[in-house]
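Values reported hereafter were calculated over all heavy atoms of this structure, with side chains retained and with hydrogens, waters and symmetry mates removed. Just follow the structure's listing: the first ligand is 1, and inside any ligand the first atom is 1.
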Amino acid sequence: MSTIDNLPPLREVIETHELAAKKSLGQNFLLDLNLTARIARAAGNLSECDVLEIGPGPGGLTRGLLAEGARRVLAIEKDERCMPALAEIADAYPGQLEVINGDALEIDPLAKLTPPIRVAANLPYNVGTELLVRWLTPKIWPPYWDSLTLMFQREVAERIVAKPGTKAYGRLAILSQWRSNPRIVLTLPPEAFSPPPKIHSAVVHFERLDEPKFEAEYKVLNRVVAAAFNQRRKMLRASLKGVAPDIEDRMLAAGIKPTERAEQLSVEEFCALAREVAKP
Ligand code: SAM
């Protein structure tokens with residue numbers, strides 16, 4: 001397998017440092033450095049950016065990011081066993097890689113990053129979705145990041161980019177598409193990973209918007225969307241009953257038919273409804 005730097009092939013790194021994949025940490029490693037370089041390229045122009053990488057493992061994507069010219073990479077990895085392998089990469093790129101050994105769900109890396117900041121990660125799927133929701137719902141918008149380039153289970157990626165009127169359309173699509181432009185940039189078969197997972201994967205790239213596409217208060221929008229999709233087969237006048245006692249009037253004021261169902265409403269319509277619900 002060809003290499004993008006002077007470091008040993010990843011298979012050798014894994015053998016040398018005895019990094020047998022742990023299921024409990026969702027470890028499915030990418031071993032093809034051409035592929036990790038492609039993922040790094042999908043993250044955009046990195047030369048002027050700090051990149052936050054979560055879950056570098058043996059460092060395949062880290063090496064891709066550095067070889068593609070990232071100004072600096074800050075990587076957070078939970079598995080202590082990976083530290084010596086990551087230290088070798090730091091030696092090969094002096095001053096450009098800092099690694100924190102810890103849980104990304106508990107560490108706030110902001111103080112160690114200089115804007116502009118891009119995020120890139122191939123994470124266990126449960127951690128990935130949790131972090132995605134956090135990255136999309138900071139207290140203040142715009143967030144600290146300019147883009148996210150993240151690997152997901154293909155089915156989750158399809159939910160993120162789903163359009164109204166489809167089965168995959170729901171909370172994740174609305175949350176993702178309200179304040180960013182997500183698109184699937186790469187799909188990967190199980191064989192791309194070691195060990196291969198049971199499912200296909202996909203890389204989603206999110207470019208954040210400076211302003212949300214449509215005005216709405218996040219808390220209200222989230223409440224409306226959650227109630228609507230909790231009972232997605234019901235008409236909205238039934239599923240949104242608990243949101244406001246006069247919900248039908250508010251729906252009409254927002255230009256929405258109370259007989260519609262959650263999956264028929266566009267992001268714009270959900271935002272219009274959230275604005276009506278927020279009124280006293
Ligand atoms: N990025 C590497 C690659 O592409 O080959 C590894 C990907 S593997 C799917 C996920 C990585 O995330 C593992 O190295 C695992 O140890 C790490 N990880 C799992 N949970 C984590 C957490 N909460 N915080 C930081 N890293 C975590």
Relative to atom 2 (C) of ligand 1, which among P197, G60, A120, P56 owns the nearest non-hydrogen atom?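 Of the listed residues, P56 has the closest heavy atom.
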Looking only at protein heavy atoms, which one is nearest to [atom], and what is the separation?
atom: atom 14 (O) of ligand 1; result: E77 OE1, 2.8 Å
atom: atom 20 (N) of ligand 1; result: P124 CG, 3.7 Å
atom: atom 27 (C) of ligand 1; result: K78 CB, 3.7 Å
atom: atom 6 (C) of ligand 1; result: G55 O, 3.4 Å
atom: atom 10 (C) of ligand 1; result: N122 O, 3.4 Å
atom: atom 24 (N) of ligand 1; result: A104 N, 2.9 Å

[X] N/O under 3.5 Å from ligand 1 N/O:
X: L30; result: yes
X: D79; result: no
X: D103; result: yes

Of the side chain and backbone of C82, name the one, both, or neither that has a heavy atom under 4.0 Å from an atom of ligand 1.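 It is neither part, as no heavy atom is under 4.0 Å.
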For Q264 and K257, does a side-chain donor sit closer than 3.5 Å to a side-chain acceptor?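 No.
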Please check if the side chain of R159 supplies one atom and the backbone of A168 the other of a donor-acceptor pair under 3.5 Å.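 Absent.
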Spell out, as yes or no, whether a donor-acceptor pair under 3.5 Å connects the side chain of W145 to the backbone of W135.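 Looks like yes, one N/O pair under 3.5 Å.
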For L25 and P124, which heavy atoms make the closest approach, and how far apart are they?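 Answer, listing the atom of L25 first, then P124: O-CG, 3.3 Å.
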Under the salt bridge (charged side-chain N to carboxylate O under 4.0 Å, His left out) test, which residues partner D210, sequence neighbours left out?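 So D210 forms a salt bridge (charged side-chain N to carboxylate O under 4.0 Å, His left out) with R208.
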